[in-house]
Amino acid sequence: MSHMPSLFFLALLAAAQAQPASAGPQPGPNQGYDNWHIACDNIASCEANALASDFRLDQPATLLIQRQAGQVGYFRVVVRLRDPDVARVGLLVDGRKLAEGEVDSDGRFIIAPSRALKAARAIAGGRQATVVNATPGVAPIILARISLKGSAAALRRMDAEQGRTGTSDAIVARGRRSYRGKAEILPVVTQIAPARFEKLPGRKAIRELAATSGCDEQRRNDDESFDDRAQPLSQSDEEQVALVMIECGIGAYNVSALPYIARRDRSDDDAEWRFAPARFDYRPAWSANPDRPLLVNPYYNEQEGILGSYAKGRGLGDCGSGQSYVWDGDMFRLFEASAMDECRGVWQWPTVWRAYVQRRSADG
């Protein structure tokens, strides 16, 4: 299996990120600078990640800087271990010790917030960071060497996105002005409360839907081998609404499906289900055709009413994009999105869009 990202994946990811403003949510920037990467969400909370030196390298430790917009908010400089079997680590920049501390259960050493700005500035001004094992009684073995080439450009972009350029609060683009930025307010999306009911589209109706889905080429094998699913979505006094996913292609590490909305009149026990393609305010990343949205590695949480798509750029899972949606009675609304288009060792994709979910009943 190739570990290189496919050109098909990168083209579709770029197309999804380039949707016009009228298309709905607009995720924040996602940009690489040499061996660093910067991503921000729609309220200017940003994350800068160190990248592995090439596509093949699986670093045992890496470095990231997270900062929230506004005068009050988190600011973290984090050493992250791939396999957290070290109790304590030290961070050096160009051979000079910057910080040392305990590794938490998630494999992270987080530099104290009071020292985050100084640490970030040292990283932006350095050439190489070194992570060492600082466990007492253990020789200080080097765990990783991390290039800082591009860190200054990435952190300068962070300053700009958060309106800190030219202020004393900036990491790189410093000036004399005081920073008076305010944290942005999350957009609000409405969710219809999820429901549970037993009567769902039957196997015959789903197979007939699959036959008209346009997935004939991908489903050349026996339909029995495909995991088509129907799940309850919402319920009002007048109708029941279900989500149907027709599997439409199986790859080495990605499975795709076409989502449909099924509606049924509750006043008639014999009423048949009516099907239509699901609609989205922001197309899932692999949906080149807006009239035929395609989910990748889809999942639906019936209890929370969350529909997700998670498209990996390669088998290692260090690049790709993910979207999470809620149902508003008419379409699926994006409330969180993550993306990483650099396939170079970033295992937790940065968030590029978020919204606040407000739930209401199907009957208003």
Side-chain angles (χ1 to χ4, degrees), residues 13 17-18 25-51 62-80 91 108 110-126 129 146-175 177-187 282 318-324 334-342 344-356:
L13 179 60
Q17 292 174 341
Q26 295 298 298
N30 195 311
Q31 180 70 46
Y33 295 92
D34 293 309
N35 294 327
W36 275 69
H37 181 276
I38 175 75
C40 302
D41 64 17
N42 50 307
I43 58 169
S45 293
C46 299
E47 178 174 316
N49 278 275
L51 303 173
T62 189
L63 190 59
L64 67 147
I65 298 170
Q66 301 169 313
R67 195 175 198 184
Q68 193 173 32
Q71 291 180 311
V72 179
Y74 60 77
F75 189 1
R76 306 184 189 108
V77 177
V78 184
V79 175
R80 179 183 291 152
L91 177 64
R108 302 173 305 169
I110 303 175
I111 293 176
S114 61
R115 300 178 59 195
L117 181 57
K118 181 179 180 180
R121 286 173 174 170
I123 289 167
I146 300 168
S147 170
L148 300 181
K149 185 179 181 181
S151 61
L155 294 171
R156 184 181 294 274
R157 178 69 179 272
M158 184 183 292
D159 287 338
E161 292 293 330
Q162 297 181 343
R164 301 182 197 272
T165 299
T167 72
S168 58
D169 203 42
I171 300 172
V172 177
R174 285 183 273 178
R177 291 188 294 109
S178 296
Y179 176 64
R180 303 185 184 279
K182 295 181 180 179
E184 298 290 334
I185 299 174
L186 287 173
Y282 183 84
D318 61 341
C319 56
S321 69
Q323 299 83 36
S324 297
L334 184 73
F335 77 89
E336 187 170 278
S338 59
M340 172 52 68
D341 53 7
E342 296 273 358
R344 293 170 59 186
V346 177
W347 305 104
Q348 183 174 321
W349 306 340
T351 298
V352 293
W353 171 268
R354 67 182 81 228
Y356 175 77

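What you are looking at is a predicted structure, and each value in this text was computed from that prediction instead of being measured.
Here the closest non-hydrogen pair linking Phe335 and Trp353 is C-CD1, 3.9 Å. When all heavy atoms of Gln68 and Ser45 are compared, the closest pair comes out as CG-OG, 3.3 Å. Heavy-atom minimum distance, Ala160 versus Thr165: CA-OG1, 3.4 Å. Closest of all the heavy-atom pairs between Glu342 and Gly32 is OE2-CA, 3.7 Å. Of all the heavy atoms in Met340 and Asp318, the pair that sits closest is CG-O, 3.6 Å. The shortest heavy-atom contact between Ala152 and Ala124 is CB-O, 3.4 Å.
Taking the side chain as every heavy atom from C-beta outward, Asn49 and Thr62 never approach each other to under 4.5 Å. Contact annotation: the side chain of Val79 approaches that of Leu63 to within less than 4.5 Å [non-hydrogen atoms, C-beta and beyond]. Taking 4.5 Å as the limit, some side-chain heavy atom of Ile38 sits within range of a side-chain heavy atom of Cys46. Side-chain atoms of Ile171 and Phe75, non-hydrogen and from C-beta on, do get closer than 4.5 Å to each other.
Between the CG atom of Leu148 and the CG atom of Asp34 there is a distance of 11.5 Å, given to the nearest 0.5 Å. To the nearest 0.5 Å, atom OH of residue Tyr282 and atom CD of residue Gln323 are 6.5 Å apart. Going from atom CG of Leu64 over to atom CZ of Arg80 covers 4.5 Å, rounded to the nearest 0.5 Å. The distance from atom CD1 of Ile65 to atom CD of Glu47, rounded to the nearest 0.5 Å, is 10.0 Å. Taking CZ of Arg354 as the start and CD of Glu336 as the end, the distance is 6.0 Å to the nearest 0.5 Å.
Between the Asp41 side chain and the Thr351 main chain, no donor and acceptor come within less than 3.5 Å of each other. One N or O on the side chain of Trp36 and one on the backbone of Ser147 form a donor-acceptor pair closer than 3.5 Å. Judged by distance alone, with hydrogens and angles left aside, the side-chain atoms of Gln71 form a donor-acceptor pair with the main-chain N or O of Tyr179 at under 3.5 Å. Proximity of a side-chain donor or acceptor of Gln162 to a complementary backbone N or O of Ala44 within less than 3.5 Å is detected. In this structure, Arg344 contributes its side chain and Cys319 its backbone to no donor-acceptor pair below 3.5 Å.
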| message | Please determine whether side-chain contact (heavy atoms from CB on, under 4.5 Å) holds for the pair Asn30 and His37, giving the CA-CA distance in whole Å, both sets of side-chain angles, and the decisive distance to 0.1 Å. | response | CA-CA 7 Å; Asn30 195 311; His37 181 276; 2.5 Å; yes

| request: Begin from the C-alpha positions of Val346 and Leu51 and carry the test side-chain contact (heavy atoms from CB on, under 4.5 Å) through to its verdict. | output: CA-CA 7 Å; Val346 177; Leu51 303 173; 3.7 Å; yes

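No option in Arg180, Arg67, Arg174 other than Arg67 meets the salt bridge (Lys or Arg N to Asp or Glu O under 4.0 Å) test with Asp169.
Around the CD atom of Gln348, the shell of radius 6.0 Å holds no more than 12 heavy atoms that belong to other residues, nucleotides or ligands.
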